[in-house]
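The sequence lines fix the lettering, A, B, ..., with proteins before strands; numbering per chain opens at 1.
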Protein chains: 2
Amino acid sequence: MKKSTENPADLSARIAGEIRDAIVSGRLIVDERLPSEAELASQFDVSRPTVREALKRLAAQSLIRTQRGATGGAFVNRLRFEDAYGQQITTSTLLLSMNEVSFDVACEARFTMERACAPLAAERRGPEHLARMRAEIERQQQPDLSDEAFCASDVAFHRALVDAAGNPVLSYQLAGAVEGMLPLMNMITFTARSRENILRLHGEIAEALERRDSGAVIEALSALEHYTLQLGQQVIVARTARQG
Amino acid sequence: MKKSTENPADLSARIAGEIRDAIVSGRLIVDERLPSEAELASQFDVSRPTVREALKRLAAQSLIRTQRGATGGAFVNRLRFEDAYGQQITTSTLLLSMNEVSFDVACEARFTMERACAPLAAERRGPEHLARMRAEIERQQQPDLSDEAFCASDVAFHRALVDAAGNPVLSYQLAGAVEGMLPLMNMITFTARSRENILRLHGEIAEALERRDSGAVIEALSALEHYTLQLGQQVIVARTARQG
DNA sequence: AGATTTCATTTGTCAGACATTTAGCAGCAC
DNA sequence: GTGCTGCTAAATGTCTGACAAATGAAATCT
C-alpha cells in the first residue's frame with residue numbers, strides 16, 4: 001500500500017508516480033498548491049533536483065503548472081481539452097509514423113469513428129458547422145492550393161463534421177485519429193482528378209448533413225474511406241520502395 | 001522558423017520541445033541514440049540539470065527511454081500501445097473527474113464509439129473473444145462480488161468486445177473512454193436488480209456477437225447505454241448533494 | 001491614505017562532485 | 001587458444017550549494 005509502482009525505478013519516476021496517483025485519485029484537487037520543492041525534497045528525503053525532475057514529468061503531462069515568485073509553486077492543473085489535444089495528436093502521430101500502426105488500420109479506425117459521429121451530427125448540426133464546411137470546400141476548389149494546404153483544409157472540414165456532433169470527447173478522440181494521419185496524408189500528391197473526387201464527396205457530406213440525412217453522410221464517408229485508402233496505398237508503395 | 005514554440009518558456013521546456021519536434025518530424029528515428037547529457041548541455045549551452053529536466057519531460061511521454069552504463073544514454077523510444085494506453089487513461093480520467101466533462105457526455109461518446117465497433121467485431125470476432133466475454137459474464141454472476149470487482153469485470157467484458165473488432169487503434173481509443181469512466185462507475189452501488197439487468201444485456205451482446213448479428217449487438221449496447229446513464233444519474237445526484 | 005521601497009519566498013539555472021551501472025578490454029590461468 | 005577475472009571508461013542517477021529572477025506582501029515614506 002506504500003508504493004503503487006514497482007520498486008526499482010528511478011527516484012524521480014517514483015515520486016512523480018506518487019504525486020500522479022494523488023492527483024488522479026483526488027487526494028490533490030484542482031488548483032491546490034503542492035508543497036514547495038524544498039519541502040517535497042525533505043518529505044521524500046531526496047534532493048531538490050530530483051524533485052524537480054519529478055515535477056517536470058508531471059508538467060509534461062499537463063497535470064501541474066508552476067508559477068514563480070513569492071506565492072508561486074506547483075499547482076494541480078485543471079486539464080483542458082486543448083492540452084489533451086496536443087498530447088493525443090503527438091501520440092497518434094508517433095504510433096503511425098513508427099509503423100506500429102499501418103495506414104490501413106488507422107484509416108479504418110478514423111472513418112469508423114467518424115461514421116459513428118454522423119447520426120449525432122445530423123441531429124445537432126448548427127448553421128455554423130455547415131458554414132465552416134462550406135468554407136473549406138470553397139478553399140479546396142482553388143486550383144493553386146498546395147497539397148499541404150489542401151490536407152490542412154481537409155482536416156478542418158472533417159473537424160467541423162465531428163464538432164457538429166456536439167460531443168467534445170468525440171472531438172478530442174477524433175482529433176488524434178485525424179491529425180495523427182496528417183504526416184502520411186501530406187506525402188500524398190493530390191492530382192486535379194483526385195481533388196475533384198474528394199471535393200464531390202465533401203459536397204455530398206455537407207448536403208446530406210444539411211438535410212439531416214445521416215445515412216447519406218455515412219455512405220459518403222464510406223466512399224471517402226475507400227478512396228483515401230487507395231491514395232494511401234500509393235504512398236505506402238512509394239515509401240517502402242524508397243526504404244527497400 | 002527557428003523555434004517552433006513561443007520564446008518566453010522555460011529552458012527545459014524549450015529544449016524538450018525541440019527534441020520532440022525532431023522525433024515527431026522524423027529527424028530522429030526509432031532507437032537512435034541522442035547525444036549524452038553532457039553533449040546536449042554543451043550544444044544547447046545550458047547546464048546538465050536543465051538538460052535532464054528536458055529529458056524527463058520526454059520520458060514522461062514515453063518518447064525516449066534511458067539506459068545507464070557505458071553504452072547507455074537516451075534513445076528514441078518506439079511508442080508501444082501499452083505506453084499509449086496508460087497516458088490515454090490518465091488523461092481521460094482527469095478530464096472526467098475534474099468535471100470538465102459530464103458523465104452524460106462521456107457515456108454518449110463511449111457507447112457511440114463502442115457501437116461503431118460492433119460491425120467489425122461481428123465480422124472478425126474469434127472464439128477467444130467469445131470465451132473472454134463468457135468468462136466475465138460468469139464472474140459477474142457471482143453474488144458475493146464487490147461493486148469494484150463487478151466494475152472491473154464489466155470493463156474487461158467491453159474490452160473483449162472492442163478487441164474483437166481487430167483494430168488496435170480503436171482498442172486504444174476505447175480504453176481511454178471506458179477506463180476513464182471507471183472512477184465514476186466505481187461510485188455506483190450495484191443492486192442485485194441492476195446487476196441482473198446488466199447481465200442480461202451482456203448475455204444478449206455475447207449471443208449476438210456469436211451469431212455475427214451486428215444489429216442486435218448495437219441494439220443491446222444502446223439499451224445498456226440508456227441503463228448506464230440512469231445509474232450514473234444517481235451518482236451525479238449524490239455527488240452534487242454532498243458537495244452542495 | 002496612497003505610493004514606493006524593501007524583503008522574504010519560491011522557482012529557474014548553474015557548477016561541480018560522487019555513486020552506480022554497464023560494456024568492453026586487458027591480463028592471467030589453464 | 002580459451003575462458004574467466006578484474007580494471008577502466010563512459011554514461012546516467014543523485015547530491016550539495018549557490019546564485020538569478022520573479023513576485024507578492026509587508027514595511028516605510030510622502
Side-chain angles (χ1 to χ4, degrees), chain A residues 3 5-20 22-23 28 30-78 83, chain B residues 3 5-20 22-23 28 30-78 83:
Chain A
K3 40 192 93 68
T5 56
E6 66 280 358
N7 251 353
D10 296 335
L11 279 178
S12 71
R14 276 226 302 274
I15 293 171
E18 288 198 29
I19 299 177
R20 180 168 25 242
I23 295 175
L28 290 171
V30 165
D31 292 332
E32 184 172 341
R33 184 180 172 281
L34 275 68
S36 72
E37 295 177 354
E39 285 178 75
L40 286 172
S42 119
Q43 279 184 26
F44 288 107
D45 201 35
V46 297
S47 68
R48 197 160 78 100
T50 302
V51 167
R52 282 184 61 80
E53 287 179 11
L55 293 180
K56 293 312 167 196
R57 294 178 114 109
L58 300 176
Q61 296 180 299
S62 304
L63 271 83
I64 61 170
R65 62 177 185 280
T66 54
Q67 197 179 337
R68 293 174 71 166
T71 59
F75 298 84
V76 178
N77 197 25
R78 156 156 271 134
D83 303 326
Chain B
K3 40 192 92 69
T5 56
E6 66 280 359
N7 249 353
D10 295 337
L11 279 178
S12 71
R14 278 226 300 275
I15 294 172
E18 287 198 29
I19 299 177
R20 178 169 26 241
I23 294 174
L28 289 171
V30 164
D31 292 334
E32 185 172 340
R33 185 181 172 282
L34 274 68
S36 72
E37 296 177 354
E39 286 178 74
L40 286 172
S42 122
Q43 279 183 28
F44 288 106
D45 202 34
V46 296
S47 68
R48 219 186 104 198
T50 302
V51 167
R52 281 184 61 80
E53 286 179 11
L55 293 180
K56 294 311 169 197
R57 287 176 187 266
L58 300 176
Q61 296 181 298
S62 305
L63 288 165
I64 63 170
R65 64 177 184 280
T66 56
Q67 198 178 337
R68 295 176 70 165
T71 58
F75 298 83
V76 178
N77 196 28
R78 156 156 271 134
D83 302 326

Could you walk me through whether Glu53(A) and Asp10(A) pass the side chain to side chain contact (heavy atoms under 4.5 Å, CB included) check? CA-CA 10 Å; Glu53(A) 287 179 11; Asp10(A) 296 335; over 6 Å; no
Between [atom2] on [N] and [atom1] on [X], what's the gap in Å once rounded to a whole number?
{"X": "Phe75(A)", "N": "dT10(C)", "atom1": "CZ", "atom2": "P", "answer": "11 Å"}
{"X": "Asp10(A)", "N": "dG13(D)", "atom1": "CG", "atom2": "P", "answer": "5 Å"}
{"X": "Arg52(A)", "N": "dG13(D)", "atom1": "CZ", "atom2": "P", "answer": "17 Å"}
{"X": "Phe44(B)", "N": "dC14(C)", "atom1": "CZ", "atom2": "C1'", "answer": "17 Å"}
{"X": "Glu37(B)", "N": "dT14(D)", "atom1": "CD", "atom2": "P", "answer": "11 Å"}
{"X": "Arg65(B)", "N": "dT12(D)", "atom1": "CZ", "atom2": "C1'", "answer": "15 Å"}
{"X": "Leu40(A)", "N": "dC15(D)", "atom1": "CG", "atom2": "P", "answer": "14 Å"}
{"X": "Ile64(B)", "N": "dG13(D)", "atom1": "CD1", "atom2": "P", "answer": "9 Å"}

So, the side chain of Arg65(A) versus the backbone of Val76(A): is there a donor-acceptor pair under 3.5 Å, distance only? yes
Sidechain-backbone polar pair: Arg48(A) side chain, Leu40(A) backbone, donor-acceptor under 3.5 Å: no
Any base atoms under 4.0 Å from Arg33(A), or only sugar-phosphate, or nothing? Heavy atoms, all strands. sugar-phosphate
Look at the side chain of Arg48(B) and the base of dG16(C), then say whether one donor and one acceptor between them are separated by less than 3.5 Å. no
Taking atom types as they are modelled, would you say the side chain of Arg68(B) forms a donor-acceptor pair with the base of dT20(C) within the 3.5 Å cutoff? yes
Side chains of Ile64(A) and Ile23(A): closer than 4.5 Å at any heavy-atom pair? yes
Can you confirm whether Ile19(B) sits close enough to Leu63(B) that some side-chain heavy atom of one is under 4.5 Å from a side-chain heavy atom of the other? no
Look at the side-chain N and O atoms of [X] and state whether any lies under 4.0 Å from the OP1 or OP2 oxygen of [N].
{"X": "Thr71(B)", "N": "dA11(D)", "answer": "no"}
{"X": "Ser36(A)", "N": "dT9(C)", "answer": "no"}
{"X": "Thr66(B)", "N": "dG13(D)", "answer": "yes"}

DNA chain D nearest-nucleotide lookup for Gly69(A) and Glu39(B): closer to the 5′ end is Glu39(B)
Select from Glu53(A) and Ala70(B) the residue whose nearest nucleotide in DNA chain D is closer to the 5' end of that strand. Ala70(B)
